[in-house]
Amino acid sequence: MKPVILAGGSGSRLWPKSRAALPKQFLSLTSDNTMLQDTVARLHGTNAERPVFICNESHRFLVAEQLRKKQVEHSGILLEPVGRNTAPAIALAALHSTKNGEDPVLLILAADHLIKNIEAFHSAIKHAEKLANEGKLVTFGIVPTQAHTGYGYIKSGEAIPNGFNVSEFIEKPDFETAQRYVSSDKYFWNSGMFMFKASRYIEELEKFNPTMLDVCKRAIETEAEDLDFIRVDHDIFATCPDDSIDYSVMEKTDSAAMVPLDAGWSDVGSWTSLWETSEKDKNGNVCIGDTILENTTNSYVNAEERLISVIGLENVIVVETKDAVMVASKDDSQSIKHVVNQLKAEKRPEFEFHREVFRPWGSYDSIDSGARFQVKRITVKPSEKLSVQMHHHRAEHWIVVSGSANVTIDEQTQLVTENESVYIPIGAVHSLENPGKIPLELIEVQSGAYLGEDDIVRFSDRYGRVNSK
């Protein structure tokens with residue numbers, strides 16, 4: 001059995017924690033691990049081979065770094081040049097997995113789900129694998145705990161060994177319909193997790209969406225390895241139809257089967273669902289970080305940097321980050337996406353980035369800014385190096401706080417250590433490397449007429465980010 005872990009998605013309903021550059025699957029929301037790391041960890045104890053991961057270009061180093069921290073061995077990180085939904089992503093994984101004549105059973109998992117009962121999850125996997133080896137395309141149906149209008153539903157059909165045939169897939173219902181479903185033992189939440197032999201998925205996709213399969217075949221023929229990553233041709237894949245596995249295959253095939261799963265599952269799709277699945281105090285509150293609550297009930301309060309005090313409220317969500325605070329009614333948390341859409345429309349940085357931004361070499365935190373200046377705290381991991389670059393509009397002053405830096409300015413290299421500084425004029429070609437064994441911490445003071453991140457011309461870069469300006 002080969003797991004295929006889908007690590008795309010933006011998680012916009014969990015703003016301000018989840019953002020385009022650091023969505024929920026890379027955050028620690030339900031444990032000390034990130035959700036991606038927990039997805040891998042819960043496979044321990046199964047017969048799973050090394051997993052394949054699928055993500056987009058901008059998140060590739062996040063995936064690689066989070067796997068490295070947990071020493072996870074994998075079969076590659078497939079990069080989608082553009083987002084085309086789950087059906088093409090899974091097609092790439094299926095075609096990649098059969099290139100050498102193999103035909104593994106694929107376990108399709110999202111990287112951002114919560115599953116509390118690991119034993120029940122493993123049991124469901126064993127049942128699903130038996131069905132997959134019989135040629136079934138298996139989905140996992142979640143035993144519903146309440147009338148939920150945010151999930152699609154699966155109606156079970158005839159009982160078969162290890163599960164049920166699928167009678168039909170149903171779109172997200174209204175509340176009264178959802179209540180009727182929950183009162184029946186025939187309806188299950190659609191988890192978005194699947195299992196099938198790679199060849200069976202390819203066969204069914206050929207039958208129901210041959211155009212999609214043709215594009216994916218042509219794309220996978222161009223695959224090339226780059227560090228941990230597997231790249232396919234952008235222009236070919238960009239022509240692929242955009243569709244989900246549900247619409248493209250599962251709702252059309254006559255080989256769909258379902259295995260019930262009652263394992264404390266949640267897709268953690270909103271702050272309300274995170275409150276529902278978290279441990280609460282005697283007043284029904286979930287409190288994370290430095291918080292003081294008075295006369296407050298049934299609320300979720302998450303403080304990242306500062307003390308948050310909530311007084312005399314009920315059913316609220318309060319989330320604080322370094323650069324934003326969000327306060328919402330728990331009953332209207334779905335409307336957060338409207339705020340995110342407004343941030344995107346206004347091109348505000350809070351849509352995409354946190355104040356602290358992670359890069360393959362480390363991270364930077366924009367701690368202050370004003371007219372013609374910006375101050376950042378930069379952390380460079382041991383043995384890592386920033387690109388060789390220059391700026392048209394800004395000069396930079398670097399002050400080393402801890403560690404040592406090899407700084408190259410116009411082909412002259414010098415070692416800069418603690419309490420020492422160096423100045424990089426506008427237009428100078430420069431680079432920064434940490435030659436030491438400990439993280440390099442430095443303060444960067446930028447000054448100039450334009451301080452945007454797009455004022456970077458890269459001449460060489462070990463992470464493949466060179467531009468042609």
Side-chain angles (χ1 to χ4, degrees), residues 1-9 11 14 23-55 63 66-75 86 90 93 104-133 136 138-146 148 150-151 154 156 161-164 188-196 257-270 273-280 286 288:
M1 179 185 72
K2 180 176 286 294
V4 176
I5 298 177
L6 306 178
L14 287 170
K24 67 173 181 172
Q25 58 268 31
F26 305 116
L27 301 177
S28 301
L29 295 174
T30 58
S31 76
D32 292 336
N33 292 328
T34 68
M35 302 195 78
L36 172 67
Q37 291 167 339
D38 274 340
T39 301
V40 177
R42 70 174 65 105
L43 292 170
H44 295 163
T46 69
N47 66 336
E49 300 176 4
R50 293 180 301 164
V52 173
F53 296 83
I54 303 178
C55 70
V63 174
Q66 293 197 358
L67 299 181
R68 185 196 65 79
K69 285 183 176 179
K70 294 298 180 179
Q71 298 180 322
V72 174
E73 295 185 0
H74 58 83
S75 297
T86 54
I90 295 167
V105 170
L106 304 180
L107 172 61
I108 313 298
L109 300 173
D112 57 358
H113 288 180
L114 169 67
I115 296 176
K116 293 183 175 181
N117 188 334
I118 305 302
E119 185 178 345
F121 177 57
H122 288 182
S123 177
I125 287 175
K126 289 179 181 177
H127 290 300
E129 190 170 7
K130 292 175 182 177
L131 289 169
N133 278 315
K136 294 287 190 179
V138 186
T139 184
F140 294 85
I142 305 300
V143 178
T145 57
Q146 59 177 306
H148 206 300
Y151 299 140
I154 303 167
S156 62
N162 298 298
F164 298 86
F188 299 78
W189 292 338
N190 188 345
S191 68
M193 300 186 294
F194 308 92
M195 186 185 283
F196 34 69
M258 184 200 70
V259 171
L261 178 61
D262 188 2
W265 173 92
S266 172
D267 70 346
V268 194
S270 68
S273 64
L274 192 56
W275 173 83
E276 290 170 349
T277 57
S278 299
E279 187 174 340
K280 304 168 185 64
V286 176
I288 298 171

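When the side chain to side chain donor-acceptor pair (under 3.5 Å) test is applied to Arg50, no partner is found at least two apart in sequence or on another chain.
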Next item on the list: Report the C-alpha distance between Ser75 and Lys2 in whole Å, list the side-chain angles of each, state the deciding distance to 0.1 Å, and finish with yes or no for side chain to side chain contact (heavy atoms under 4.5 Å, CB included).
Entry: CA-CA 9 Å; Ser75 297; Lys2 180 176 286 294; 3.1 Å; yes

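Contact of the Thr139 side chain with the Asn190 side chain is registered, since non-hydrogen atoms from C-beta on lie closer than 4.5 Å. In this structure, the side chains of Val63 and Phe26 come closer than 4.5 Å at one or more pairs of heavy atoms. With a 4.5 Å cut-off on side-chain heavy atoms, Leu14 and Leu29 count as touching. At a threshold of 4.5 Å between non-hydrogen side-chain atoms, the residues Met193 and Trp265 count as touching. Counting heavy atoms from C-beta on, the side chains of Thr145 and Trp189 come closer than 4.5 Å. Within the 4.5 Å cutoff, the side chain of Ile5 has heavy atoms near those of the Val40 side chain. With contacts defined as side-chain heavy-atom distances shorter than 4.5 Å, the pair His74/Val52 does not qualify. In this structure, Trp275 and Val286 have side chains that are in contact, with non-hydrogen atoms separated by less than 4.5 Å.
Applying the side-chain contact (heavy atoms from CB on, under 4.5 Å) test between Met1 and each of Met195, Lys126, Glu49 identifies Met195 as the sole match.
The two residues Ala7 and Cys55 have their closest heavy-atom pair at O-CB, 4.0 Å. Counting all heavy atoms, side chain and backbone alike, Gln37 lies closest to Lys69 at NE2-CB, 4.3 Å. The shortest heavy-atom contact between Gln25 and Asp112 is CB-CB, 3.9 Å.
When the shell of 6.0 Å around CD of Glu73 is examined, it contains 12 or fewer heavy atoms from other residues, nucleotides or ligands.
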